[in-house]
There are 2 protein chains.
Amino acid sequence: MTSAQTPEEPEPEAARQLPPATVSRLTLYLRMLNGLLAEGVERVSSDSLAESAGVGSANVRKDLSYLGSYGTRGVGYEVANLSRKIAQALGLTHEWRVAIVGAGNLGRALARYAGFESRGFDVVALLDADQMLVGTEIGWLRVSDAADLEEVLAKTRANMVVLALPASVAQSVCDRVVDAGVHSILSFAPVVLNVPDYVNLRKVDMATELQILAYHAQRLQVPGLDAERPSA
Amino acid sequence: MTSAQTPEEPEPEAARQLPPATVSRLTLYLRMLNGLLAEGVERVSSDSLAESAGVGSANVRKDLSYLGSYGTRGVGYEVANLSRKIAQALGLTHEWRVAIVGAGNLGRALARYAGFESRGFDVVALLDADQMLVGTEIGWLRVSDAADLEEVLAKTRANMVVLALPASVAQSVCDRVVDAGVHSILSFAPVVLNVPDYVNLRKVDMATELQILAYHAQRLQVPGLDAERPSA
DNA sequence: CCATGTGAAAGGCTTCACAGCA
DNA sequence: TGCTGTGAAGCCTTTCACATGG
């Protein structure tokens, strides 16, 4: 690879499209690297990273190779440098302002979740349609009226939205968010949302996760079914 | 709920190993089917299911074919029958008793999340190590002392555990859960947990989801030009 | 030596296209 | 006719194995 065959711009450090599976593992590596940074560790090997992240070391090396060759053969990777490269590739050098729509149990939990702040995501608004909640304080935020969604998004210059609301209203709120120009959405609503394909939508569904667990648990409980034999 | 008194299903125990990607889509289909059931719809086509679930129709048909041939050519699938088959394949005919460890913001939100109950998951315990919380009532549950984890799991006969606690204690609590004999675990802690390979562990990481969104958002915002700053 | 970086092989998933059947 | 069920092709991901170079 690295052949100078590209007839177009050489693109010095711009990472091209990363495989989705790689992107999600990069977030893992970044977490481990930041842990190592805090401990003062300066170098790390792909083997060591692999063990912490629970993947194969060849996988780690291939993932990192998409970012460029930032390791040193025979030695490993420089923690601080690699951490910076990954953060850059993931777009964490931008400032991300997150609005949470839905101040129910889950929305409140998310609003107070320290993990967002510490990773560079700034929760700038919390909205709900329930007039009983509007105006109350949760964490350090005052709950805004979901009726004013567009204004609140504009005023806070939110560029990400988290949907923490019932399935019944998720689609309509989602549509308004998209129309308002926010095209990165994380939904916790247990429903499939339709969005234009220029919108980045991710979904977390807790009931689905439990159902997947149930499948695997049940499979183990059935005796004698899966005795994988090389050949009978 | 729906105590499955499976009458006479003379099937050969179907449900061999399903592809993981299929399992997670089956939970989607099941949700749509139950919606259709509630509306009184009797039949559905793979095209229609595909559109609701946001996948290709060939994908739907292949997924369903792993369960057997329960469709009718030229017509479609019988909603009630298919719903039953999927629930059976996913192991939802068992009764799943879930203990939630961690009664912080997230743990409380989960304890009150209606989506669990309605899908056949019974939240039987909520535990925390904080003595200020122990004994208080959250939803219809009384918070138990995490020090008594093993006893609580045994007494409630929990067969699934949800970890909603800080990264710092997640591994040790996880170990105790595994030793106590609960081998299906859903973790919300932002840390990689090590478990024996006979344990089913799934992970939901909200900060990771936002980081993946950030990657894609950044990608769109800077189509050709990375040049945030051409670092010297 | 040692650990990275990477072609090539292997495995898994999705999509295609159409045969088969009500 | 219309929609299911499915081999085959294509694409993506992981794993292997080893050349490479500090």
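Throughout, protein chains are lettered first and strands after them, A, B, ... in sequence-line order, and every chain is numbered starting at 1. Bear in mind that the values here come from a model prediction, so they are computed numbers and not experimental data.
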Between the side chains of A:N159 and A:S184, does any donor sit under 3.5 Å from an acceptor?
no
If I compare all heavy atoms of A:L210 with all of B:M160, which pair ends up nearest, and what's the gap?
O-CE, 3.7 Å
Round to a whole Å and report the spacing from OH of A:Y66 to C1' of C:dG7.
12 Å
Please report, rounded to the nearest Å, how far the P atom of D:dT4 is from the CG atom of B:L67.
14 Å
How would nucleotides 16-22 of chain D be written as a contact map, 5' to 3', with B for base contact, S for sugar-phosphate-only contact and - for no contact, using protein heavy atoms under 4.0 Å?
BB-BBBS
The side chain to side chain donor-acceptor pair (under 3.5 Å) partners of B:S45 (sequence neighbours excluded) come to none
In terms of side-chain heavy atoms of B:N59, which of C:dT14, D:dG5, C:dG5 is nearest?
C:dT14
Given side chains that start at C-beta, do those of B:L163 and B:L193 come closer than 4.5 Å, heavy atoms only?
yes
For the residue pair B:N81 and B:Y70, confirm or rule out a side-chain donor-acceptor distance under 3.5 Å.
no
Flag side-chain contact, heavy atom, 4.5 Å: A:L106 against A:L110
yes
Once you round to the nearest 0.5 Å, how far does CG of B:L201 lie from CD1 of B:I185?
6.0 Å
Rounded distance in Å - CD (B:E78) to P (D:dT4):
14 Å
Rounding to a whole Å, what distance do you find between B:D63:CG and D:dG5:P?
12 Å
Mind calculating the distance between OH (A:Y77) and C1' (C:dC2) to the nearest angstrom?
13 Å
B:L64 atom CG is separated from D:dT6 atom C1', nearest whole Å, by 13 Å
Contact check, side chains of A:E209 and A:D205, non-hydrogen atoms, under 4.5 Å
no
Between the side chain of B:R97 and the main-chain N/O of B:R157, is any donor-acceptor distance below 3.5 Å?
yes
Grab the OH-C1' distance between B:Y70 and C:dC21 for me, whole Å please.
18 Å
I need the CZ-P distance between B:R25 and C:dG12, as an integer number of Å.
15 Å
Does anything in residues 34-56 of chain B reach DNA chain D, meaning a heavy atom under 4.0 Å, and if so which residues?
B:S45, B:S46
